[in-house]
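Here's the structure, in structure tokens; my notes come after.
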Amino acid sequence: MGPYILKRLLLMIPVLLGITIISFGVMKLAPGDPVSVVTDLNPNMNKEAIERIRAYYGLDQPAYVQYAKWLKNMLMLDFGRSFAPDSRPVIDKIMERIPVTLLINILSMILILAVAIPLGVMSAVKQNSVFDKGTTVFVFVGFAIPTFWLALLLMILFGVKLEWLPISGLRSLTYAELSVPEKVLDLGKHLVLPVFVSSFGGLAGMSRYMRSNMLEVIRQDYITTARAKGLDERTVIFKHALRNALLPVITLLGLSVPGLIGGSVIFETIFAIPGMGQLFYQSVMSRDYPTVMGILVIGAVLTLVGNLLADVMYSVADPRIRAAG
Amino acid sequence: MTSTHGPIITILLVFLILTGCDQHKATTKDPSPKTETVTSIAETESEPAYGDMIIRGTIGDASVLLPVLANDASSFDITGLIFNGLVKYDKDIQLVGDLAEKWEIADDKLTIRFFLRKDVKWQDGQPFTTKDVEYTYKTYVNPKTPTAYATDFLKVKEFRVLDPYTFEVTYTEPYAPALTSWGQGMLPSHLLEGTEITESPLKRAPVGTGPYRFREWKTQEKIVVDSNHDYFEGRPYINRVLTRVIPDPATMFLELKAGRLDQMGLSPLQYTRQTNTKWFNENFRKYKYLAFGYTYLGYNLLDWKFKDKKVRQALTTAIDRDGIVKGVLLGLGEVAYTPYKPDTYWYNPNVKKWPYDPEKAKQMLAEAGWTDTDGDGILDKDGKPFKFTIITNQGNQLRERAATIIQRDLRRVGIRVKIRPIEWAAFLKNFIDRRNFEACLLGWGIGIDPSQIDIWNSKKTGERELNFITYVNPEVDTLLDQGAATYDREKRKEYYDRFQEIIAEDQPYTFLFVSYSLPIISARFHGIKPAPLGIGYNFDRWYVPKHLQKYHIAP
């Protein structure tokens, strides 16, 4: 196992390098640059001033020089400073967004798993029943509903009409004066709608996946054997079938590691949540190269690590793979 | 950034910077204020009282809180509360002193001597002196400062400090917009001198001389400022200003409805249809006044189709601009005829207006050689059909809708128009910068100073310059130069009046509309007095009577 992991880790280096080159290249291919977004059509800007600002950001140099500079800093884990007018270190901008993004994504992932796995299992066990069909309709409605529309309806109901929940944002205005349990409660109240809305759309994928895995497993010989042994249906389904059907979920979880720091622009915009989605969107729109690259690199590293973790976990969980490997 | 992009924002900045918070008495009243208060309850006069907090909604977060580095409206909205310039505009758009007590312009019109107020202190207690002004000036002209506002200061030939409260600036040529440029926020030299301004902590925790002092900034969440008790114009009544970032206008409106916001800007739809309930009438007041900006359809004058001014006049005549104001702005705006704001001193109402008349437009086009010779319903000339594409920036619904109405109107006179919305950065780089367009639908902010050299001068047609439609008229060049070199207001207006007549005759743009700003504010705030400059100019004199105060904020 040790040498295998080491080999995989070493392999990541060229892959990562390739990813950064492609990302940098694609970003440079997009028309416009961070300076023109700020200075074009600005009556206060003359050509001289524009050149000054371009030079300040090093944009007057050829792309490969810019890349080399960026890479050199990156090797020392220096993400550089943002090209946005705030000129803040990229790492600060990312770090202040990550906690809330992680929190919401982890909570909704837990909610998705907690609801989708039982739904999928029950659908498979009662294949083609009314429950199965009802579930299918329900999860696909969730998948199809536009997030922003559902979010607005829920805000009107729970925020304006019933006044049970806050409408947007993360904290009440009085947050600073609250005691710790009150703070948790306050944060929790603010998270109810965002977490619900963001998981609702994800139910379909996970429950369908679980259902087909389960159907696959139920047809296997060893399930027939288990039934033949006279085990009761509960034991057959939850002990023998479910554990095997859950295996591919590990891969899915591994693949969703990078998604944990990714956010959705629409959803964060609607709920006024200062997450990664908005940061990335704004950075791309203003051609803030260092921030875009920073987020892409972190995303790439997490993807690679997530894949490795999934593979390792898989072999830990599944003796068949261990034997073969 | 969403709907309003660069162009509108930029000139607005100057305006925002200059609308600090103040209570100067009106000096003159030349333009009739077109502002009107829409309210159903009479304002009961009551005693001003200190206290309470105002919660305002904004769709975009500030980017940096030092006026020299900022270039977006959200940042200037906050720095306007924290910083002062040497001069500012009062409610009637007259230039008055802010940190400067007075100024003298020498007879040769080249040197301005400023006398600073002696009672001004930075929010950390240090006195404000010419040292700060000198530092601010040097920062703006420093090549290492990435600022958008160096141009006016680079025209200064010499900067001389005479004593801690007096200084002189000398220009190479008389330059009337110079005075306005001293309205840029002054920076504290004792905190910034010798530091790299782009890395200064003051970017996110500024110290100014203004009515409010910085308290807290949570990125993309909120910015909080508290009243400055030592403000040289007196302590502001409202103890705290909390600006919440809510990127989605629909969500923001729900927050307003739930009573968690005190102020936001309404869309025309929200203004006319969604805020007329009893609850809104009791708890809020709506205001409307002309915004400092206009929307236009610009023709690329390098394109053969638009070279003839007769064609451009016909196009304007064919476009139902009242229909656009009604359809796009739901009537909450005015048709624009010149590049000046209709209720200001510089506006010339006596220009050719080219009223909507499709039949006349057809006739004018025929005179210019455009007729439908092959009977396909499209005008043609020299065998080429009259078809063109209007480009505009993606995400600005008002502009896209206006373009659609124009498309319909021009179809009626036999011209086929395509509309193409393009993402902002690509729009600038691939289309505007390269002159790669036929017509574009955009907006300009209207500066308070009437100088518009950058947009109309024939020398400003280079790459990345603002006369991207390549408008060339030597008389306009002369008039604009004369206007910029003249300090005398009346004399100056003559130049700009003539300039507007020529622009209206030439129609390089079809001027479309000036929209209204539509703020809605909780009825508990008193002392709001709409004026030509809007409502924000006396923000530090707004108050909540003691019995109406909602939030208890320790002073």
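Nothing here was measured: the structure is a model prediction, and the numbers come from that model. Letters A, B, ... mirror the listed sequences (proteins, then strands); counts begin at 1.
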For [X], is it the side chain, the backbone, both, or neither that has a heavy atom closer than 4.5 Å to a heavy atom of chain A?
| X | value |
| --- | --- |
| B:Asp433 | side chain |
| B:Gln452 | neither |
| B:Leu65 | neither |
| B:Asn467 | neither |
| B:Val141 | backbone |
| B:Leu66 | neither |
| B:Lys144 | backbone |
| B:Phe468 | side chain |
| B:Ile432 | side chain |

Exercise answer: donor-acceptor pairs, residues 145-153 of chain A side-chain atoms, under 3.5 Å, sequence neighbours excluded:
none

Interface moiety of A:Arg81 toward chain B, non-hydrogen atoms closer than 4.5 Å:
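Only the side chain of A:Arg81 comes within 4.5 Å of chain B.
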Where does A:Gln278 contact chain B at under 4.5 Å (heavy atoms): side chain, backbone, both or neither?
side chain
A:Leu279, A:Ile270, A:Val160: which one forms the most heavy-atom pairs within less than 4.5 Å of chain B?
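Highest number of pairs under 4.5 Å: A:Ile270.
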Answer with yes or no after comparing the ring centroid distance for A:Phe267 and A:Phe271 against a 6.0 Å cut-off, counting only values under it.
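Centroid separation for A:Phe267 and A:Phe271: below 6.0 Å.
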A:Ala300: partners by side chain to side chain contact (heavy atoms under 4.5 Å, CB included), with sequence neighbours left out:
A:Leu16, A:Ile19
Tell me which one of B:Thr79, B:Thr58, B:Ile223, B:Val245 satisfies side-chain contact (heavy atoms from CB on, under 4.5 Å) with B:Ser74.
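For B:Ser74, the side-chain contact (heavy atoms from CB on, under 4.5 Å) check succeeds only for B:Thr58.
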So, the side chain of B:Arg244 versus the backbone of B:Met252: is there a donor-acceptor pair under 3.5 Å, distance only?
no
